[in-house]
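We count ligands from 1, going down the list as the structure has it; atoms in each ligand are counted the same way.
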Amino acid sequence: MSKLAGKHVLLIVSGGIAAYKTLDLIRRLRERGAAVTPVLTKAAKQFVTPLSIASLSGRQVYDDLFSLTDETEMGHIQLSRASDLLLVAPATADLMAKAAHGLADDLASTLLLATDKTPIFAPAMNVRMWTHPATQRNLLALRSAGCVILGPSDGEMACGEFGPGRMLEPLEIVAALENLISDSATSAPVLSSRPLAGRRAIVTAGPTREPIDPVRYISNKSSGKQGYAIAEALAAAGADTILVSGPVDLAAPRGVKVQCVESAVEMLESVRSALPADIFVSAAAVADWRVKNAGAQKTKKGPGGPPVIELVENPDILATISQMATGRPRLVVGFAAETENLVPNAQSKLARKRCDLIVANDVGAEQAIFGGDLNRVVIVDATSAEAWPQASKTEIAARIAALIADRLESKK
Ligand code: CTP
């Protein structure tokens, strides 16, 4: 029996030529025992008629946010809650943009905002619209909000162009829905959005402490908050996550195994012991130097005046892991804390340490980043630098986890 049997699908159809495939999709869903409640946008009605959709689904078609009859029979809030699955097929660039920004000016977008389900989008659009940075930004925002994106696939399009943008075929969508439906008890949420399931991640976070003697050390202001939030976001996205943490004042993130260390040398050893991994995120503020001859006993004041502390360079954990000849994690993400020339410095760090992405922070301009709950970052890779708006460290972490899932997916 199909996992879709007995499930109630709220199907939003937005206005694209791929809407003709949705007629077959409804048939395939119903064949598998699902009930389908259709919602059409105004533009969708230019491509398929409410009558054909109503006939195939055997249900009333909803299309109006301000319909007195519809609101009396079933208010839009209830409509968005009464389903097990919320599927948008086809999902146009416009509806995805509205959903990404929380707009609600028609029934479809209002349902997406009011739902308590994980929205599933099957995008369909012209290849240039799909690859446009605005659509890609919206896609990332939807992914980081936990939405599931199915497709699009590559191929020749109705407009004559070739490339990604075609809606998945109805049977592919049905198979993807069946895969997404969890096997757990029916009282649990039907959908599990875990794009990093089956992946293993190692995250470093916090400062390191480099001993001068048994009671004194050199350290820095890192609170560990951003790294802890990233570990939690990766775990929430399904990755088996190990956090190698310097000394911080934070509770262990949910679903994450924590290995506590003090010095940079210990941190590197701990990371090595946690390998292999698919993902390595180096968020720790590792001390660049350690004390050459750390005293075994507490250093005493004496007639010779203050002691001279000689420093030696610490191993670069990020560069070491990123340059492993065998067993290098598939995606290595570093951080760059800079006080000037943020992007050029981050780009040279990316090249020097040979990592895949750098999350760059301007720590000179915004001292509040240390220990604060907000962050503002620029995501730098070999070819681009994208400034993200200021957001909470938790939100930035969710976006980073979504970006990691995206990059791993495109490396397949
Ligand atoms: N890093 C590391 N091991 C070190 C130093 C840094 O793994 N010994 C990692 C940090 O976790 C971060 C990245 O390298 O992901 C950049 O750290 P940052 O302190 O900004 O740069 P540095 O390597 O110290 O370079 P610079 O002195 O030029 O700022």
Side-chain angles (χ1 to χ4, degrees), residues 201-211 217-231 234 241-248 259-275 277 279-292 311-324 328-329 331-367 369-371 375-382 385 393 396-397 400-401 403-404 407:
I202 303 173
V203 180
T204 66
T208 62
R209 274 184 193 169
E210 308 300 331
Y217 55 80
I218 299 173
S219 193
N220 59 64
K221 289 184 183 176
S222 169
S223 68
K225 282 184 181 172
Q226 188 63 81
Y228 270 57
I230 291 171
L234 292 171
T241 307
I242 296 176
L243 174 63
V244 178
S245 174
V248 295
Q259 299 181 174
C260 294
V261 297
E262 296 245 331
S263 68
V265 171
E266 285 171 14
M267 186 172 271
L268 176 58
E269 274 323 296
S270 181
V271 169
R272 279 202 172 117
S273 75
L275 287 167
I279 302 156
F280 177 58
V281 181
S282 184
V286 184
D288 290 319
W289 304 283
R290 65 179 180 279
V291 178
K292 190 171 176 191
L311 300 174
V312 286
E313 200 160 328
N314 263 330
D316 189 313
I317 302 170
L318 173 60
T320 307
I321 300 303
S322 201
Q323 291 166 25
M324 284 169 62
R328 178 194 191 269
L331 201 77
V332 175
V333 183
F335 273 66
E338 305 291 344
T339 52
E340 57 184 351
N341 300 328
L342 183 64
V343 172
N345 279 343
Q347 264 157 349
S348 63
K349 223 165 250 184
L350 179 97
R352 200 169 66 240
K353 304 201 183 193
R354 288 195 233 136
C355 46
D356 302 292
L357 284 173
I358 287 265
V359 181
N361 275 129
D362 187 345
V363 288
E366 302 185 40
Q367 277 297 321
I369 285 175
F370 285 113
N375 204 355
R376 189 198 299 273
V377 300
V378 181
I379 305 294
V380 176
D381 67 11
K393 288 182 175 170
I396 301 257
I400 291 174
L403 180 64
I404 288 173
R407 292 291 166 111

Heteroatom proximity flag, [X] to ligand 1, N/O under 3.5 Å:
X	answer
Val286	no
Lys353	yes
Ala337	yes
Ile317	yes
Gly334	no
Glu338	no

Any atoms of ligand 1 less than 4.0 Å from a non-hydrogen atom of Pro315? List them with their elements.
->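 Those atoms are 3 (N), 4 (C), 8 (N).
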Sub-4.0 Å atoms of ligand 1 with respect to non-hydrogen atoms of Arg352 |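 Counting from 1, the qualifying ligand atoms are 25 (O), 28 (O).
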Start with the C-alpha gap between Lys349 and Glu338, add the side-chain angles, then the distance that decides, and say whether salt bridge (charged side-chain N to carboxylate O under 4.0 Å, His left out) holds.
-> CA-CA 11 Å; Lys349 223 165 250 184; Glu338 305 291 344; 2.6 Å; yes
In the protein, what heavy atom is nearest to [atom], and what distance, to one decimal place, separates them?
atom	value
atom 17 (O) of ligand 1	Phe335 O, 3.7 Å
atom 7 (O) of ligand 1	Leu318 N, 2.8 Å
atom 18 (P) of ligand 1	Lys349 NZ, 3.4 Å
atom 27 (O) of ligand 1	Asp288 OD2, 4.0 Å

Examine distances only and state if a side-chain atom of Ser270 and a backbone atom of Gln259 form a donor-acceptor pair shorter than 3.5 Å.
->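 Absent.
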Taking the side chain from Asn361 and the backbone from Val363, do they hold a donor-acceptor pair closer than 3.5 Å?
->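 No, the answer is negative, given that no donor and acceptor are paired below the 3.5 Å cut-off.
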Heavy-atom pair of closest approach, residues Val286 and Ala264 |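 For Val286 versus Ala264, the nearest heavy atoms are CG1-CB, 3.5 Å.
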Salt bridge (Lys or Arg N to Asp or Glu O under 4.0 Å) against Asp316, all qualifying residues, sequence neighbours excluded =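 For Asp316 the salt bridge (Lys or Arg N to Asp or Glu O under 4.0 Å) partners, ignoring immediate neighbours, are Lys353.
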Proximity of Ala284 to ligand 1 by residue part, where a heavy atom lies under 4.0 Å |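 The answer is the backbone of Ala284.
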Answer side chain, backbone, both or neither: which part of Glu313 comes under 4.0 Å from ligand 1, heavy atoms only.
->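 For Glu313, there is no contact with ligand 1 at all, from either part.
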How about Ser223 and Tyr228: does a side-chain donor come under 3.5 Å of a side-chain acceptor?
->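 Looking only at side-chain atoms, Tyr228 and Ser223 do not form any donor-acceptor pair under 3.5 Å.
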Compute whether any side-chain donor of one residue and acceptor of the other, for Glu210 and Ser263, lie under 3.5 angstrom apart.
->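 On atom types as modelled, these side chains do not qualify, holding no pair under 3.5 Å.
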Might you check, step by step, whether the distance between atom 29 (O) of ligand 1 and some protein heavy atom is under 4.0 Å?
->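 Yes, because at least one protein heavy atom sits under 4.0 Å from atom 29 (O) of ligand 1.
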